[in-house]
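Every chain is numbered from 1 and lettered A, B, ... according to where its sequence line falls, protein lines coming before strand lines.
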There are 2 protein chains.
Amino acid sequence: MSLPHAILTALLEKPSSGLELTRRFDRSIGYFWSATHQQIYRELGKLEAEGSIRALASQQPARGQKKRYEVLPAGRAELARWTAASQDPKPLRDTLLLRLRAAAVVGTAGIGEDLRRHLDLHRRQLAEYEEIQERDFPPGKDAPADRLQHLVLRAGIDLETFWTGWLTHALAEFERIPAEGSTTP
Amino acid sequence: MSLPHAILTALLEKPSSGLELTRRFDRSIGYFWSATHQQIYRELGKLEAEGSIRALASQQPARGQKKRYEVLPAGRAELARWTAASQDPKPLRDTLLLRLRAAAVVGTAGIGEDLRRHLDLHRRQLAEYEEIQERDFPPGKDAPADRLQHLVLRAGIDLETFWTGWLTHALAEFERIPAEGSTTP
DNA sequence: GGGGTTTATGCAACTAGTTGCAAAAGGGAG
DNA sequence: CTCCCTTTTGCAACTAGTTGCATAAACCCC
């Protein structure tokens, strides 16, 4: 229920073609709302059909022909409505935690290795976020919109910090857990 | 791709009927892998059909008749396989962060209120986890399986701690952001 | 003993996201 | 000039999760 709103936000920030959007979803927006190009094209089609966006009139629509979209008033209104509406946080769903719980009954074989891998991935992501922070949010860049975007980045940083911390702790615990195999033989 | 494994884990911990599973998903397991009763019944059907679990032979199957399931060797093997297999963490997807980003272009109306509400929800969840920790993991309860389950709970606690911390910070920032309305009029 | 509530199971339709593949246009290499 | 490669767009089928509703037994209560 949020992909269209993610796209509207991206298009308001800067009118783009489907492919440009895809690239931007791989970078900034995708950090907290990922989408594949197929999803994006499908959604662009729907948004255009319902009059929320329109293709910038320049060339006739054709395959392999770049089509750049901009947001129409109806789209902006819908985004504002959605943004203001209260929403419940959706419950956590994490396979790694589930696997740990499963490991308590079928054995820990293989998991330690994957914990290390995840730790590495989260450390990289954290480093990337911190780099962005230094690059895009120097002290003094604090117009309202900057503050908001920085806040979002901060969430990413804090979240990755949580993961690296927890994974480090988990690995330490693992060293103290007896050998591999089922714990209920 | 993980609901069947969540169910297998739950059934290994204790053979249960569909409704009992549903209740357990509302409590412990659902804290990191939620599921509705419809999902659970559907999945139980599939798992039984493929020979991973079976209904404890006692009464003939009939509507309104409790049916309790247990895991068969094939199911346990599949769970062990899945648990040991490496998996990538799936990218974050969070509407609140998306809304904040949208707010940077269409205005912050309504969000502050919702931030407060989320903060309250996360605080409650954190309190609940901490209660569970005190109740179920007194010092000394550290058999391997206990350690693993405690680790999972710890993740929940740390995660809620992150959210409450970040939301508190976000609300403080919000007080310093000029009045409501669009920031790009 | 008939009527409402609770317990327990389940189907069907819908929504959202993923995967796999393909087709049109344009650009460069021989 | 034609063949291949990249860019850009897109369809179709599949998987997972959600919502809404249906049905049957059991309980209970008056």
Side-chain angles (χ1 to χ4, degrees), chain A residues 1-8 10-11 15-26 29-30 32-50 53-56 58-69 82 87-95 98, chain B residues 1-8 10-11 15-26 29-30 32-50 53-56 58-69 82 87-95 98:
Chain A
M1 211 40 235
S2 325
L3 177 58
H5 304 104
I7 291 180
L8 287 172
L11 287 181
S16 309
S17 70
L19 196 67
E20 284 164 346
L21 277 178
T22 303
R23 296 209 212 290
R24 292 173 58 201
F25 268 79
D26 286 343
I29 296 194
F32 50 90
W33 202 274
S34 60
T36 62
H37 70 110
Q38 291 87 343
Q39 275 179 279
I40 289 169
Y41 283 115
R42 198 190 333 173
E43 209 59 46
L44 283 173
K46 282 190 206 167
L47 287 168
E48 188 175 26
E50 77 189 33
I53 62 174
R54 76 165 163 214
L56 286 179
S58 51
Q59 59 275 307
Q60 67 285 23
R63 269 172 177 266
Q65 187 75 273
K66 223 178 201 171
K67 228 188 332 184
R68 177 175 260 100
Y69 293 93
W82 177 82
Q87 271 181 257
D88 283 332
K90 84 167 186 5
L92 177 60
R93 222 171 238 191
D94 189 282
T95 40
L98 185 55
Chain B
M1 213 40 237
S2 324
L3 177 58
H5 303 104
I7 291 179
L8 287 171
L11 287 181
S16 309
S17 69
L19 196 67
E20 285 164 346
L21 277 178
T22 302
R23 296 209 212 289
R24 292 172 58 201
F25 268 78
D26 285 344
I29 296 191
F32 49 91
W33 201 275
S34 60
T36 61
H37 70 109
Q38 291 88 342
Q39 276 179 281
I40 289 170
Y41 283 115
R42 200 192 331 176
E43 209 58 47
L44 283 172
K46 282 191 206 165
L47 287 169
E48 188 176 25
E50 78 189 30
I53 62 175
R54 76 164 162 213
L56 287 179
S58 49
Q59 59 274 306
Q60 67 286 22
R63 269 173 178 267
Q65 189 73 273
K66 223 177 201 173
K67 229 189 329 184
R68 176 174 260 102
Y69 292 92
W82 178 81
Q87 272 181 255
D88 283 333
K90 86 168 184 5
L92 177 60
R93 221 169 238 194
D94 188 283
T95 40
L98 185 55

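Atom CD in B:E20 sits roughly 13 Å away from atom P in C:dT7 (whole-Å rounding). Rounded to whole Å, the distance from CD on B:E48 to P on C:dT9 is 12 Å. If you take NE2 of A:H37 and P of C:dT19, they are 11 Å apart, rounded to a whole angstrom. Rounded to a whole Å, the OH atom of A:Y69 is 11 Å from the C1' atom of D:dT8. In this structure, the CZ atom of B:R23 is 13 Å from the P atom of C:dT6, given to the nearest Å. Going from atom CD1 of A:I40 over to atom P of D:dC11 covers 15 Å, rounded to whole Å. Atom pair B:F25:CZ and C:dT9:C1' shows a separation of 17 Å (rounding to whole Å applied). When the P atom of C:dA24 is taken as reference, atom OH of A:Y41 falls 16 Å away, rounded to whole Å.
With sequence neighbours excluded, the residues that form a side-chain hydrogen bond (donor to acceptor under 3.5 Å, both in side chains) with A:S16 are A:R24. Applying the side-chain contact (heavy atoms from CB on, under 4.5 Å) rule to B:L92 yields the partners A:F32, A:L159, B:D94, B:L97; only residues at least two apart in sequence or on another chain are considered. Remark: B:R93 engages A:S34 in a side-chain hydrogen bond (donor to acceptor under 3.5 Å, both in side chains) (not counting sequence neighbours). With sequence neighbours excluded, no residue forms a salt bridge (Lys or Arg N to Asp or Glu O under 4.0 Å) with A:D26.
Atoms CD1 and NZ, from B:I53 and B:K46 in turn, are 12.5 Å apart once rounded to the nearest 0.5 Å.
Phosphate contact (OP1/OP2 of C:dT18, side-chain N/O of B:K90, threshold under 4.0 Å): absent.
In the set D:dC11, C:dT9, D:dT8, D:dC11 carries the atom at the smallest distance from any side-chain atom of A:Q38. Comparing D:dT19, D:dT7, C:dT9 against the side chain of B:T36 picks out D:dT19 as the nearest.
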Could I get a table of every N or O pair under 3.5 Å where one atom is in the protein and the other is in nucleotides 15-17 of chain C?
none

Can you give the donor-acceptor pairs under 3.5 Å from side chains of residues 36-43 of chain B to other protein atoms, not counting sequence neighbours?
| from | atom 1 | to | atom 2 | distance (Å) |
| --- | --- | --- | --- | --- |
| B:T36 | OG1 | B:Q39 | N | 3.4 |
| B:Q39 | OE1 | B:T36 | N | 3.1 |
| B:Y41 | OH | B:L19 | N | 3.4 |

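Contact annotation for A:T22: no contact, since no heavy-atom pair falls under 4.0 Å across all strands.
A residue-by-residue look at A:S34 and B:G18 shows that B:G18 has its nearest nucleotide of DNA chain C further toward the 5' end.
In this structure, A:L3 and A:A35 approach most closely via the heavy-atom pair CD1-CB, 3.7 Å.
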